Amino acid sequence: DILITSYENILLVHNLVNKSTTQINFYKKITTLSFLSDDYSICLGDSAGKIHILSDVTDKNYVISTKHWHSHRVNCVLSEENGHNLYTAGQEGVVVIWDLNSNIKNFLPRLNGNIVSLKISKDRKYFMCYMSTNTIKIVSLSEMKIVNEISSIPDNTDISRCTLFTSKQQYLTFLNKESGLLQFYNIGQNTFPFYLNILNKNYSSKTENEQLNFKQLTNVAFSSNKNNKEESYMLTSEEINYNETTRTTYLKFWKVTQDNIELLCSAENSHLNERIFSIEGNNYVNTFITCSESYFKVWEMNKESKYTCIFMSRYKNTKVRGATISKNKTIYALFDKYLIQYESKKIKRVYLLPIEGDKLKLLKDDTLLCIYSKKDIVLFDISSWSISWRESSSILKVIENTNTLDVLIQKTENVVYLVKYSLDTYKEIEDEGMIIEKKNLKYIDVYKKYLVIVNTKNDIYIAGREGVKKEEIDDKDIEL
């Protein structure tokens with residue numbers, strides 16, 4: 001409900017609820033800005049190398065604190081999810097780690113280049129430092145040293161859209177919106193074996209670019225081949241934006257093998273003038289689902305090995321939240337609070353949910369639907385077409401095991417509950433649950449039968465039935 005924008009030395013805080021805007025002026029040009037954590041604190045960097053931290057900007061009595069180390073402009077600011085650590089970088093080639101609780105700062109020096117942007121991996125183990133020299137330096141957070149370096153990345157590559165794709169080998173795929181390249185990086189061999197020029201875009205001058213509208217590569221998804229494990233299928237989406245309300249979308253379907261990528265077919269303007277925000281592959285029936293704001297489409301391979309749209313649907317004036325398909329080709333779609341079941345391409349049942357979910361997934365051999373957001377989880381029994389269970393809390397993560405649903409719930413800043421629910425009775429399994437109380441909790445996830453916990457000092461803890469024990473972990477023995 002809060003949007004922050006900046007222009008030159010002016011910071012604008014837009015309250016989307018009461019439709020008001022607060023203007024805050026600074027002495028120097030604002031070069032980067034970000035929310036500090038889940039609250040309404042803001043961190044920004046300026047052209048003089050200073051870091052400004054604003055407390056809750058929804059409060060008229062907000063406080064501004066300033067920190068200064070960088071001698072040049074600040075290119076990027078990044079905060080931990082818990083808001084304790086702040087990472088800043090710029091032209092000096094140094095990442096500064098600010099401990100906002102103790103005001104102590106640490107440094108990751110000698111990165112040899114202008115740091116354009118920072119990204120922390122999902123498992124909170126690594127930095128990705130994107131350099132102006134078109135290289136990505138991967139830094140271990142626990143050891144604070146460079147463990148890998150990826151070079152020869154094309155200009156304007158969006159590393160925030162980096163995707164992990166696994167066939168026989170593991171690849172990172174990098175989307176380059178402007179050039180239309182999808183580049184594959186082989187993790188094991190530390191090489192770029194090939195790239196895919198999806199848009200086939202030719203060079204043009206800046207003057208020509210101002211006159212012409214070019215495609216942008218926006219999404220990528222994969223689907224396994226159930227009949228041939230050596231093959232997979234890939235769907236990419238592209239769009240041309242003429243203005244804020246007018247665009248053309250394109251879909252391209254590809255066959256991916258170990259050594260080759262082949263274009264099977266394409267579809268132009270498949271969602272008319274709407275932006276495709278989600279594409280999803282299915283490993284059971286070789287299908288893809290594409291979602292735009294008001295409707296979704298299901299794509300299936302025909303006998304000629306071409307993908308065609310076999311079904312599309314919209315519902316009243318609602319927005320699509322997501323869609324999925326079961327092994328027997330029953331489709332489930334979420335339109336705002338409406339859950340809809342389709343059979344034989346017709347609406348069979350509709351249910352008005354008490355929540356607006358962000359995601360839905362099929363569980364327990366397609367007999368349950370899990371619908372969840374950051375605040376709510378609903379288990380929906382498909383056979384009885386009713387809600388079997390609901391939990392409202394601060395949801396961190398939902399994990400499906402064989403017979404249980406594991407839910408990580410954040411109760412306070414330093415206390416996390418791991419609650420296990422039976423998928424048969426929908427009741428909490430008391431002897432399986434646990435309470436994790438750790439100060440400076442930074443990251444928590446589930447690995448097999450254990451909880452993996454990392455604090456802000458990068459100490460790693462393994463939690464099992466017997467409690468929490470600090471362990472030394474070898475990367476060869478455990479992967480997060």
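The structure displayed is predicted, hence computed values, not measured ones.
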Enquirer: Can you check side chain to side chain contact (heavy atoms under 4.5 Å, CB included) on Thr218 and Glu238, steps first, answer last?
Expert: CA-CA 5 Å; Thr218 54; Glu238 310 159 12; 5.6 Å; no
Enquirer: Quick check for you: to the nearest 0.5 Å, what is the distance between Leu86 atom CG and Ser79 atom OG?
Expert: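 Here the interatomic distance stands at 6.5 Å.
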Enquirer: What residue among Thr32, Asn114, Thr88 forms side-chain hydrogen bond (donor to acceptor under 3.5 Å, both in side chains) with Asn75?
Expert: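 So the option named by the test is Asn114.
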Enquirer: I would like to know whether Tyr372 and Val378 meet side chain to side chain contact (heavy atoms under 4.5 Å, CB included); could you show each step before the answer?
Expert: CA-CA 6 Å; Tyr372 60 97; Val378 165; over 6 Å; no
Enquirer: Once you round to the nearest 0.5 Å, how far does CD1 of Ile355 lie from OG of Ser373?
Expert: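 So the gap between those two atoms works out to 5.0 Å.
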Enquirer: Do Val256 and Tyr233 touch side chain to side chain, with heavy atoms closer than 4.5 Å?
Expert: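 No, side chains not in contact.
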Enquirer: What is the minimum heavy-atom distance between Cys129 and Leu118, and which atoms define it?
Expert: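 Reported closest heavy-atom pair: SG-CD2, 3.6 Å.
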Enquirer: Evaluate the side-chain proximity of Leu368 to Leu423: yes if any heavy-atom separation is below 4.5 Å, no if none is.
Expert: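 Result yes, sub-4.5 Å side-chain heavy-atom pair found.
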Enquirer: Looking at every heavy atom in both Ala221 and Phe288, which two are closest together, and how far apart are they?
Expert: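 Between these two residues, the closest heavy atoms are O-CE2, 3.9 Å.
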Enquirer: Hey, are Glu293 and Arg275 close enough for a salt bridge, meaning a charged N less than 4.0 Å from a carboxylate O?
Expert: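 Here Glu293 does not pair with Arg275 in a salt bridge, since their nearest N and O are not under 4.0 Å apart.
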Enquirer: Looking just at side-chain N and O atoms, do Trp254 and Thr236 make a donor-acceptor pair shorter than 3.5 Å?
Expert: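 There is such a pair (donor and acceptor under 3.5 Å, judged by atom type) between the side chains of Trp254 and Thr236.
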Enquirer: Can I get a per-line list of side-chain donor-acceptor pairs under 3.5 Å for residues 304-316, giving both atom names and the distance, sequence neighbours left out?
Expert:
unit_1: Lys306; atom_1: NZ; unit_2: Leu264; atom_2: O; d: 2.7
unit_1: Ser313; atom_1: OG; unit_2: Tyr342; atom_2: OH; d: 2.7
unit_1: Arg314; atom_1: NH1; unit_2: Ser294; atom_2: OG; d: 3.1

Enquirer: Of Lys319, Lys375, Arg321, Lys337, which meets salt bridge (Lys or Arg N to Asp or Glu O under 4.0 Å) against Glu356?
Expert: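 It is Arg321, the one option of Lys319, Lys375, Arg321, Lys337 that forms the salt bridge (Lys or Arg N to Asp or Glu O under 4.0 Å) with Glu356.
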Enquirer: Between Thr287 and Glu280, does a side chain to side chain contact (heavy atoms under 4.5 Å, CB included) hold up when you go through it step by step?
Expert: CA-CA 9 Å; Thr287 59; Glu280 180 181 323; over 6 Å; no
Enquirer: Kindly indicate whether the side chain of Asn286, heavy atoms from C-beta on, has any atom under 4.5 Å from the side chain of Ser223.
Expert: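 Yes, side chains in contact.
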Enquirer: So which heavy atom on Gly45 is nearest to which on Val77, and how close?
Expert: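 Looking at all heavy atoms of both residues, the closest pair is N-CG1, 4.4 Å.
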Enquirer: Among Ser384, Ser383, Ser388, whose side-chain hydrogen bond (donor to acceptor under 3.5 Å, both in side chains) with Ser386 holds?
Expert: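 Between Ser386 and the candidates, side-chain hydrogen bond (donor to acceptor under 3.5 Å, both in side chains) is satisfied uniquely by Ser384.
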Enquirer: Salt bridge or not between Lys329 and Glu343? Use side-chain N to carboxylate O under 4.0 Å.
Expert: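 No, Lys329 and Glu343 are not salt-bridged.
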Enquirer: Can you list the residues that meet the ring pair (Phe, Tyr, Trp, His ring centres under 6.0 Å) rule with Tyr87, with sequence neighbours excluded?
Expert: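 Tyr87 satisfies ring pair (Phe, Tyr, Trp, His ring centres under 6.0 Å) with Phe127 only.
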Enquirer: Ignoring hydrogens, what is the shortest heavy-atom contact between Ile371 and Gly357? Give both atom names and the distance.
Expert: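 Taking every non-hydrogen atom into account, CG2-CA, 4.0 Å.
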Enquirer: Any side-chain heavy atom of Leu44 within less than 4.5 Å of one from Ile4?
Expert: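 They are not in contact (no side-chain heavy atoms under 4.5 Å apart), so the answer is no.
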Enquirer: Ignoring hydrogens and angles, state whether a donor on the side chain of Thr21 or His14 is under 3.5 Å from an acceptor on the partner side chain.
Expert: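 Present: a donor and an acceptor within the cut-off.
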Enquirer: Measure across Ser117 and Cys76 and return the closest heavy-atom pair with its distance rounded to 0.1 Å.
Expert: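 Here Ser117 and Cys76 meet closest at CA-SG, 3.7 Å.
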Enquirer: If you define the side chain from C-beta out and look only at heavy atoms, does anything of Tyr351 sit under 4.5 Å from Ile387?
Expert: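 They are in side-chain contact.
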Enquirer: How long is the gap from CD1 on Ile279 to OG on Ser237, to the nearest 0.5 Å?
Expert: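 Ile279 CD1 to Ser237 OG: 4.5 Å, rounded to 0.5 Å.
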Enquirer: Please report the shortest heavy-atom distance between Asn219 and Phe277, naming the atom on each side.
Expert: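 Nearest heavy atoms, Asn219 then Phe277: OD1-O, 4.3 Å.
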Enquirer: Roughly how far, to the nearest 0.5 Å, is the CG atom of Leu251 from the CD1 atom of Ile276?
Expert: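 Rounded to the nearest 0.5 Å, the CD1-CG separation comes to 4.5 Å.
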Enquirer: For Lys364, does its backbone N or O pair with a side-chain atom of Thr367 as donor and acceptor, under 3.5 Å?
Expert: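 Judged by distance alone, yes, a pair lies under 3.5 Å.
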Enquirer: When you compare the side chain of Leu16 with that of Ile2, does any pair of heavy atoms fall below 4.5 Å?
Expert: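 They are not in contact (no side-chain heavy atoms under 4.5 Å apart), so the answer is no.
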Enquirer: How long is the straight-line distance from CD1 of Ile146 back to NZ of Lys137, given to the nearest 0.5 Å?
Expert: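 The CD1 atom of Ile146 is 4.5 Å from NZ of Lys137, to the nearest 0.5 Å.
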Enquirer: Check whether Lys297 reaches the backbone of His271 with its side chain - one donor and one acceptor, N or O, closer than 3.5 Å.
Expert: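 Here the side-chain-to-backbone pair does not exist.
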Enquirer: Below 4.5 Å, heavy atoms only, C-beta onward: do Tyr130 and Ile115 meet side chain to side chain?
Expert: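 Tyr130 vs Ile115: side chains apart.
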Enquirer: Using modelled atom types and a 3.5 Å cut-off, is there a donor and acceptor pairing between side-chain atoms of Ser34 and backbone atoms of Leu78?
Expert: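 Flag not set: sc Ser34 to bb Leu78 has no pair under 3.5 Å.
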Enquirer: Tell me whether the centres of the aromatic rings in Trp389 and Phe380 are closer together than 6.0 Å.
Expert: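 They do not qualify: ring centres at least 6.0 Å apart.
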Enquirer: Can you check whether Gln341 reaches Thr330 side chain to side chain, under 4.5 Å on heavy atoms?
Expert: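 Side-chain contact under 4.5 Å: yes.
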Enquirer: Check the side chains of Thr257 and Asn260 for a donor-acceptor pair under 3.5 angstrom, ignoring hydrogens and angles.
Expert: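 Checked: Asn260/Thr257 side chains show no N/O donor-acceptor pair below 3.5 Å.
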